[in-house]
Amino acid sequence: MNLIELLFPNRCLLCGEQIKYYEMLCQSCLNDLSSSPIAVKEDGGIFVAYFYGRYDSKLRDLILLYKNSHHWRLSKILASFLVKTMNTYPPHAEIITWVPSSLSSLEERGFDTMALIAKATSKLIGIPTKRTLESLSKSSKRGMTLKQRRDSVKDSFSAISRVYKNIVLIDDVFTTGSTIRECARTLKDAGASSITVYCIARA
């Protein structure tokens with residue numbers, strides 16, 4: 001153990017085990033999170049979606065830590081899960097874009113959660129990112145019923161510009177699919193040729 005680790009002990013964000021000063025998760029938790037992308041494919045008509053894992057256990061805890069506890073450096077770990085999924089189910093795309101945060105989420109968290117993950121994903125896989133959507137919603141979907149979620153996303157996104165590209169659209173959790181469907185519809189209306197969705201978790 002070096003002097004830094006002795007004076008400033010660092011602990012795994014998920015289990016509390018002591019780790020190196022520059023790490024965020026212990027090897028045991030990383031092993032628990034490591035898996036092959038699940039064999040689930042959602043065909044939404046105008047998009048196809050793939051997922052890294054199920055929204056439970058440590059994957060759920062990791063996503064919530066990233067979104068709600070200001071651990072923005074976790075974006076690199078979460079991006080690596082998306083890249084693993086893309087390597088298993090390769091996209092045919094020219095750009096990566098993301099589901100943008102609502103205004104209330106931006107004010108609460110101070111950063112666009114999926115934008116950071118998109119940029120980290122881009123560096124790892126070599127497909128450039130582009131901000132194509134903006135959220136018109138002023139509130140988050142936290143605590144809403146499934147019906148309220150579906151109703152809340154209608155016309156809640158707009159395209160920043162015309163997009164004549166094959167697009168990768170990323171998000172953290174696919175729950176009802178309403179948000180992804182609305183984003184995909186907006187992108188299609190803006191001229192997108194095709195949309196392939198990659199989500200970290202399937203609820």
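Taking 4.5 Å as the limit, some side-chain heavy atom of Leu74 sits within range of a side-chain heavy atom of Leu13. Between Leu25 and Ile19, every side-chain heavy-atom pair lies at or beyond the 4.5 Å cut-off. The shortest distance between side-chain heavy atoms of Ser156 and Ser135 does not fall below 4.5 Å.
Scored by the side chain to side chain donor-acceptor pair (under 3.5 Å) test, Arg73 finds no partners at all (sequence neighbours excluded). Contacts of Glu134 classified as side chain to side chain donor-acceptor pair (under 3.5 Å), with partners at least two apart in sequence or in another chain: Ser158. In this view, His70 satisfies the side-chain contact (heavy atoms from CB on, under 4.5 Å) rule with no residue, not counting sequence neighbours. Judged as a side chain to side chain donor-acceptor pair (under 3.5 Å), and not counting sequence neighbours, Glu23 has no contacts.
Applying the ring pair (Phe, Tyr, Trp, His ring centres under 6.0 Å) definition to pairs two or more places apart or across chains, none involves residues 175-195. Residue pairs satisfying the ring pair (Phe, Tyr, Trp, His ring centres under 6.0 Å) criterion with at least one member in residues 171-200, sequence neighbours excluded, are listed as follows: Tyr50-Tyr198, Phe51-Phe174. Identified under the side chain to side chain donor-acceptor pair (under 3.5 Å) test for residues 55-66, with sequence neighbours left out: Asp32-Lys58. Identified under the salt bridge (Lys or Arg N to Asp or Glu O under 4.0 Å) test for residues 168-178, with sequence neighbours left out: Lys67-Asp172. The side chain to side chain donor-acceptor pair (under 3.5 Å) analysis of residues 114-127, with sequence neighbours excluded, yields no pairs.
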- side chain to side chain contact (heavy atoms under 4.5 Å, CB included) between Ile170 and Val197, intermediate numbers included: CA-CA 6 Å; Ile170 66 168; Val197 174; over 6 Å; no
- Message: Leu78 vs Ile63, test: side chain to side chain contact (heavy atoms under 4.5 Å, CB included). Steps then yes/no.
- Response: CA-CA 8 Å; Leu78 294 170; Ile63 292 170; 4.2 Å; yes
- Query: Step by step, would you call Ile160 with Arg131 a side chain to side chain contact (heavy atoms under 4.5 Å, CB included)?
  - Reply: CA-CA 8 Å; Ile160 294 172; Arg131 181 170 173 259; 3.3 Å; yes
- Message: For Ile125 and Asn87: C-alpha separation, side-chain torsions, deciding distance, then whether side chain to side chain contact (heavy atoms under 4.5 Å, CB included) applies.
- Response: CA-CA 9 Å; Ile125 206 163; Asn87 286 336; 4.3 Å; yes
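Closest non-hydrogen pair, Ala184 versus Leu169, comes out as N-CD2, 4.4 Å. Between Phe81 and Leu62, the closest heavy-atom pair is CE1-CD2, 3.8 Å. The two residues Thr113 and Ser101 make their nearest non-hydrogen contact at N-OG, 3.6 Å. Nearest approach of Thr176 to Arg181, heavy atoms of both residues: O-NH1, 4.0 Å. In terms of heavy-atom proximity, Tyr52 sits nearest to Ser34 at OH-CA, 3.4 Å. Scanning all heavy atoms of the two residues, the minimum distance from Cys29 to Cys12 falls at SG-SG, 3.8 Å.
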When the side chains of residues 185-192 are checked against the rest of the protein, which donor-acceptor pairs come out under 3.5 Å, sequence neighbours left out?
from	atom 1	to	atom 2	distance (Å)
Arg185	NE	Glu182	OE2	3.4
Arg185	NH1	Asp189	OD2	2.8
Arg185	NH2	Glu182	OE2	2.5
Thr186	OG1	Glu182	O	2.8
Lys188	NZ	Ser193	O	2.9

Only distances under 3.5 Å count here; give the side-chain donor-acceptor pairs of residues 92-99 to other protein atoms, sequence neighbours excluded, each with its distance to 0.1 Å.
from	atom 1	to	atom 2	distance (Å)
Glu94	OE1	Asn166	N	2.8
Glu94	OE1	Asn166	ND2	3.4
Glu94	OE2	Asn166	ND2	3.4
Thr97	OG1	Lys130	O	2.9
Thr97	OG1	Thr132	N	3.4
Thr97	OG1	Thr132	OG1	2.7
Trp98	NE1	Asp112	OD2	3.3

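Judged purely by atom type and a 3.5 angstrom limit, Arg202 uses its side chain to pair as donor or acceptor with the backbone of Thr175. The main-chain N or O of His71 is never found under 3.5 Å from a side-chain atom of Ser69 such that the two would form a donor-acceptor pair.
In this structure, Phe47 CZ and Ile180 CD1 are separated by 6.5 Å, a value rounded to the nearest 0.5 Å. Going from atom CG of Leu33 over to atom OG of Ser28 covers 9.5 Å, rounded to the nearest 0.5 Å. Of the inter-residue distances, the one linking Lys76 atom NZ with Leu124 atom CG reads 9.0 Å to the nearest 0.5 angstrom. Note that CD1 of Ile195 is 5.5 Å distant from CD1 of Ile46, once rounded to the nearest 0.5 Å. Atom CD of residue Glu17 and atom CG of residue Asn10 lie 11.5 Å apart, to the nearest 0.5 angstrom. Here the CD1 atom belonging to Ile167 is positioned 8.0 Å from the OG atom belonging to Ser194, to the nearest 0.5 angstrom.
Residues Leu106 and Met114 fall into different hydrophobic clusters, defined by Ile, Leu, Val, Met, Phe, Trp and Tyr side chains chained together at heavy-atom separations under 4.5 Å.
Ser102 and Ser104 are linked by a side-chain donor-acceptor pair at a separation below 3.5 angstrom, with hydrogens and angles left out of the test.
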